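Structure first, then comments.
Position 1 is the first residue of the sequence; numbering continues from there. Below, all heavy atoms of this structure are taken into account, side chains as well, without hydrogens, waters or symmetry copies. Just so it is clear, the structure is predicted and the values come from calculations on it, not from any experiment. Start at 1 and go down the list; that is how both ligands and their atoms are numbered.
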Amino acid sequence: MLKRFRLEEPGSVEEAAELLARYGESAKVYAGGTELLLAMKEGLIRYERLINIKQIPDLDQIKLGDGVLRIGALSTHRSLAGSAPLKERLPAFVRMEENVANIRVREVGTIGGNLCFAEPHADPGTLLLVLGAKLTAEKASARREIPIEKFFVGAYETCLEEDEILTGIEMPLAPARSSLAYLKFGYLERPSVGVAVFLALDGEGKSVTDARVAVGCVGPTPKRIEEAESLLKGKGLQDASQALGRAGEVAARASDAISDLHGSQDYKEHIVQVLLKRTFQQAYGRCQSGGESQGELHG
Ligand SMILES: Cc1cc2nc3c(=O)[nH]c(=O)nc-3n(C[C@H](O)[C@H](O)[C@H](O)COP(=O)(O)OP(=O)(O)OC[C@H]3O[C@@H](n4cnc5c(N)ncnc54)[C@H](O)[C@@H]3O)c2cc1C
């Protein structure tokens with residue numbers, strides 16, 4: 001049963017942050033409510049006040065400009081999956097969003113809520129890591145940018161201060177001959193393993209000039225795995241594909257996988273290795289075709 005609470009309806013970020021500062025631990029930001037209300041109904045958490053930020057204008061905008069894509073924190077998964085600028089410039093992000101949760105959650109659940117709740121079995125954080133995203137956090141009198149790799153502190157824990165609101169996410173547009181892929185695996189409601197790969201190739205499409213790898217869902221927070229990246233970076237494609245097995249082992253070991261309802265540590269580490277290979281192949285295929293074809297990399 002949902003216990004009684006007071007609903008505040010601020011009209012600006014400043015007002016919302018002031019309310020958070022005034023009421024401290026007894027208040028919480030309310031966006032789509034898909035996590036918050038569920039946890040409150042279950043009696044896992046209790047707040048006297050919810051600060052509904054959905055009335056604040058412009059926090060749901062998705063904009064392209066100055067070499068970056070800006071996504072408002074209140075953008076729902078559904079709006080992201082249907083966004084024209086994202087379809088044009090970051091189709092892998094669209095595919096990830098199309099497969100978040102179910103239609104009811106996608107309709108109201110926001111990307112800001114997803115990131116701020118920091119539930120380990122989530123998709124966007126892993127993909128944002130290889131995109132080099134920056135998050136904007138605001139409070140009444142200050143605003144700061146947080147690189148995505150600093151945002152997640154632990155399971156259900158971020159670096160946001162009590163009176164800070166996540167207002168947006170900024171991602172640099174990918175250079176030419178680069179591509180992105182994200183694959184997940186799971187048989188429960190939420191993903192058990194997620195792997196993201198960003199690849200850039202040289203002008204002739206023969207060697208890997210940049211490689212970024214991130215693994216999510218298996219441990220407390222999504223992680224960028226630089227040791228695996230360095231095994232792929234600067235290599236000709238044949239060598240890079242041969243190094244994939246080793247990169248997978250390194251990524252699995254460094255992912256901080258834990259045993260839980262989604263599977264044992266060993267099982268998750270195995271899936272990380274399988275997914276890394278497939279994700280790399282997908283990203284490579286898209287790079288080669290300059291678009292979205294699903295080419296295969298053999299070797
Ligand atoms: C059945 C189910 C299946 C799911 N499956 C998936 C899945 O496959 N993949 C996946 O990635 N996710 C999955 N999710 C998670 C889903 O993406 C999130 O529930 C949703 O995005 C949360 O957004 P919200 O707006 O509803 O957040 P809310 O419930 O409103 O808020 C969640 C938390 O974030 C805080 N918060 C929200 N917005 C802000 C902000 N702007 N600034 C500061 N704090 C904020 C709130 O105070 C609260 O603590 C699933 C959820 C459910 C219920």
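- Counting the atoms of ligand 1 from 1 in the order shown, those under 4.0 Å from a heavy atom of A31 are 25 (O), 30 (O), 37 (C), 38 (N).
- Geometrically, ligand 1 and N114 share a nitrogen or oxygen pair separated by less than 3.5 Å.
- For ligand 1 and T34, the ligand atoms under 4.0 Å from any heavy atom of the residue are 18 (C), 19 (O), 20 (C), 22 (C), 23 (O), 24 (P), 26 (O), 29 (O).
- When each atom of ligand 1 is checked for a heavy atom of E189 under 4.0 Å away, the hits are 1 (C), 5 (N).
- Taking distance alone, with nitrogen or oxygen atoms compared against 3.5 Å, V100 stays at or beyond that limit from ligand 1.
- Only the side chain of I53 comes within contact range of ligand 1, with a heavy atom under 4.0 Å; no backbone atom does.
- No N or O atom of I111 sits closer than 3.5 Å to an N or O atom of ligand 1.
- Atoms of ligand 1 lying under 4.0 Å from at least one heavy atom of P124, given by number and element, are 11 (O).
- Residue contact check for ligand 1: E119 places no non-hydrogen atom closer than 4.0 Å to it.
- Per-residue contacts place A122 under 4.0 angstrom from the following atoms of ligand 1 (heavy atoms of the residue considered): 10 (C), 11 (O).
- For a threshold of 3.5 Å applied to N or O pairs, the pair formed by V105 and ligand 1 contains no separation below that value.
- For the pair D123 and ligand 1, the shortest N or O to N or O distance falls below 3.5 Å.
- Remark: among candidates G109, G216, C116, the nearest residue to atom 34 (O) of ligand 1 is C116, based on non-hydrogen atoms.
- Scanning R104, H77, K28 for the heavy atom closest to atom 21 (O) of ligand 1 points to H77.
- Between G33 and ligand 1, an N or O atom pair is found at a separation short of 3.5 Å.
- Ring geometry for F117 versus Y156: interplanar angle over 60°, hence perpendicular rather than tilted (30 to 60°).
- A parallel orientation is assigned to the rings of F280 and Y284, their planes being inclined by less than 30° (bins at 30° and 60°).
- For the pair K184 and ligand 1, a heavy-atom separation below 4.0 Å is found.
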